**Student:** 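Got a structure here, written out as structure tokens. Questions coming.
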There are 2 protein chains.
Amino acid sequence: MHSFSVGKLRIVLIFMYLCIAVQMMKKNVEDLLKAHNVSPTAMRMIVLDHLLDQQAALSLADLEKALAPADRITIYRSLRTFESKGLVHGIDDGSGVTKYACCAADCGPEGHHDVHVHFVCRNCQETYCLPRSRIPEFTLPVGFQPEEVNLVVRGVCQVCAG
Amino acid sequence: MHSFSVGKLRIVLIFMYLCIAVQMMKKNVEDLLKAHNVSPTAMRMIVLDHLLDQQAALSLADLEKALAPADRITIYRSLRTFESKGLVHGIDDGSGVTKYACCAADCGPEGHHDVHVHFVCRNCQETYCLPRSRIPEFTLPVGFQPEEVNLVVRGVCQVCAG
DNA sequence: GCTGAGTTTGCAATTCCATTGCATGTTATG
DNA sequence: CATAACATGCAATGGAATTGCAAACTCAGC
Ligand SMILES: [Mn+2]
Ligand SMILES: [Mn+2]
Ligand SMILES: [Zn+2]
Ligand SMILES: [Zn+2]
């Protein structure tokens, strides 16, 4: 009778770990969707999962490329659904194409609460959410009633400046 | 021999005043163009004069409508020229269409200096420059080097809130 | 399991704005 | 006037967002 080698055991353990990780990941994405009242379809789970992976915001074209051969319109409509349910927020960074990133705070169908600064790197073109950088107070002429604020900073990002 | 009535004299004086006013206006627009190294063509004077009249920023479509039957592309290229020479600045107010407004400060071909807040009214859809509302200080994570800032506030404007 | 209503998806088409190419018209200058 | 440089008008293009619609799918109720 022969025993498992350490190498084989390691491979089996890694495989089991990956299975569990993928399951947990899927479970997390699924639960996140359900928690926001969105039916967890295959496409939506793929889109949301990919968005959760990102450091920087993605455009529809980015997602289309990354998730090929998924249909662009389906991704587009997933994003709109997510946005309306407070799962992701669209970012108008001045480039002319909307970028999307996951909401950090407890946003919901009532609205988005995590108002933060966005940063666009003129070198790598990436768009980052900066949740730590709260938008400061500013004064408006009398009579103007603010409701939403969008602050976009252009410059060189951490990675490119490093 | 009969004399002028007071009424006729008044009309003549108003007419003369208007002639002089229009001349001065034209002279002002022409000088403004020349001062920024832009040949004062008929179209450019019309476009710039109309922009100087406005309280709120205008889109290309707005200008096209107001200045009909002037050619849209010619207006478009006038605006680009003005922008490059520091006469007007384009505003990305999040509506997806660029609005244009005259520069208040001493901008030039080197760049635009009058960085200010822009306000979009969700009721009347007008976009206003708020030159008095300076963009406040804000903090960025270490490593991010800011170069340009764009702050757009959405809400209800002075007129609509009245 | 089968059915039907409601939802989601994929493809085609449309709309809207920004931008470019090119031939013609205009201006400035000697 | 001649000529080069610049400005204009029309047509065409490009890219992104959005919509229409029919087929595919999901799921509760039989
Ligand atoms: Mn963000
Ligand atoms: Mn402005
Ligand atoms: Zn960068
Ligand atoms: Zn208003």
Side-chain angles (χ1 to χ4, degrees), chain A residues 26 29-30 32-34 36-50 57-85 87-101 109 120 125 127 152, chain B residues 26 29-34 36-50 57-85 87-101 109 120 125 127:
Chain A
K26 282 201 174 145
V29 173
E30 191 175 336
L32 190 55
L33 284 166
K34 282 179 180 167
H36 284 77
N37 241 319
V38 179
S39 313
T41 68
M43 273 305 307
R44 286 172 179 171
M45 285 173 63
I46 291 171
V47 173
L48 184 55
D49 179 52
H50 189 70
L58 294 187
S59 69
L60 179 56
D62 292 335
L63 282 163
E64 186 188 4
K65 218 175 297 172
L67 305 181
D71 185 64
R72 186 170 49 93
I73 308 300
T74 304
I75 301 174
Y76 169 72
R77 282 193 270 230
S78 296
L79 291 170
R80 295 215 98 183
T81 302
F82 294 169
E83 200 168 12
S84 73
K85 296 303 176 64
L87 273 164
V88 311
H89 60 281
I91 305 162
D92 176 7
D93 62 4
S95 69
V97 5
T98 307
K99 307 290 172 58
Y100 298 89
V120 187
Q125 318 293 338
T127 297
V152 177
Chain B
K26 283 202 175 145
V29 174
E30 190 175 336
D31 289 346
L32 190 55
L33 285 166
K34 283 179 180 167
H36 284 78
N37 243 319
V38 179
S39 312
T41 68
M43 274 304 308
R44 286 171 178 172
M45 286 174 62
I46 290 171
V47 173
L48 184 55
D49 178 52
H50 189 70
L58 296 186
S59 69
L60 180 56
D62 292 335
L63 282 162
E64 186 188 4
K65 218 175 298 173
L67 305 182
D71 184 65
R72 188 170 48 93
I73 309 300
T74 304
I75 301 173
Y76 169 72
R77 281 193 270 230
S78 296
L79 291 171
R80 296 214 98 183
T81 302
F82 293 170
E83 200 168 12
S84 73
K85 295 303 176 66
L87 273 163
V88 311
H89 59 282
I91 306 163
D92 176 7
D93 63 3
S95 69
V97 4
T98 307
K99 308 288 172 59
Y100 298 90
V120 187
Q125 318 291 339
T127 297

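The model shown is predicted, which means the values in this text are computed figures rather than measured ones. The chains referred to below are lettered A, B, ... by the order of the sequence lines, with proteins before strands, and numbering in each begins at 1.
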**Student:** Given side chains that start at C-beta, do those of Phe82(B) and Arg44(B) come closer than 4.5 Å, heavy atoms only?
**Tutor:**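 The answer is yes; the side chains approach within 4.5 Å.
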**Student:** Does Glu64(A) reach the main-chain N or O of Asp71(A) with its side chain, forming a donor-acceptor pair under 3.5 Å?
**Tutor:**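 Checking the backbone N and O of Asp71(A) against the side chain of Glu64(A), no donor-acceptor pair under 3.5 Å is found.
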**Student:** When you measure from every atom of DNA chain C, which of residues 60-75 of chain A have a heavy atom less than 4.0 Å away?
**Tutor:**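 Residues of residues 60-75 of chain A under 4.0 Å from DNA chain C: Asp71(A), Ile73(A), Thr74(A).
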**Student:** Minimum heavy-atom separation for Ala70(B) to Met43(B), with atom names?
**Tutor:**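 Heavy-atom minimum between the residues: CB-CE, 3.7 Å.
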**Student:** So what does Ser59(B) touch, heavy atoms closer than 4.0 Å: a base, only the sugar-phosphate, or nothing?
**Tutor:**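 Here Ser59(B) touches no strand at all.
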**Student:** Using the side-chain contact (heavy atoms from CB on, under 4.5 Å) criterion, which residues pair with Ile46(B)? Sequence neighbours excluded.
**Tutor:**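 Expected list: Leu67(B).
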**Student:** Could you tell me whether a side-chain N or O of Lys85(B) sits under 3.5 Å from a main-chain N or O of Asn37(B), the two making a donor and an acceptor?
**Tutor:**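 A pair under 3.5 Å: yes.
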**Student:** Need two values: the first and the last nucleotide of DNA chain D, 5' to 3', having an atom under 4.0 Å from any heavy-atom of chain B.
**Tutor:**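 Result: dA7(D) to dA11(D).
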**Student:** Which residues pass the side-chain hydrogen bond (donor to acceptor under 3.5 Å, both in side chains) test with Asp62(A), not counting sequence neighbours?
**Tutor:**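 side-chain hydrogen bond (donor to acceptor under 3.5 Å, both in side chains) check on Asp62(A) returns Ser59(A).
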**Student:** Quick one: does Leu58(A)'s side chain get under 4.5 Å of Tyr100(A)'s, heavy atoms only?
**Tutor:**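 The answer is no; the side chains never approach within 4.5 Å.
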**Student:** Please list, chain by chain and in numerical order, all residues satisfying ring pair (Phe, Tyr, Trp, His ring centres under 6.0 Å) with His50(A), sequence neighbours excluded.
**Tutor:**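 Partners of His50(A) under the ring pair (Phe, Tyr, Trp, His ring centres under 6.0 Å) test: none.
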**Student:** Step by step, work out the side chain to side chain contact (heavy atoms under 4.5 Å, CB included) result for Asp93(B) and Thr98(B).
**Tutor:** CA-CA 7 Å; Asp93(B) 63 3; Thr98(B) 307; over 6 Å; no
**Student:** Under a 3.5 Å distance rule, please check whether Ser95(B) uses its side chain to pair with a backbone N or O of Val97(B) as donor and acceptor.
**Tutor:**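 Checked: pair present.
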**Student:** From the 5' end of DNA chain C to its 3' end, which nucleotides mark the outer limits of contact with chain A, defined by a 4.0 Å heavy-atom distance cut-off (strictly under)?
**Tutor:**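 Listed 5' to 3', the contact boundaries are dT8(C) to dA12(C).
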**Student:** With nearest nucleotides of DNA chain D determined for Ser39(B) and Arg77(A) from heavy-atom distances, which residue corresponds to the more 5′ nucleotide?
**Tutor:**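 Closer to the 5' end of DNA chain D: Ser39(B).
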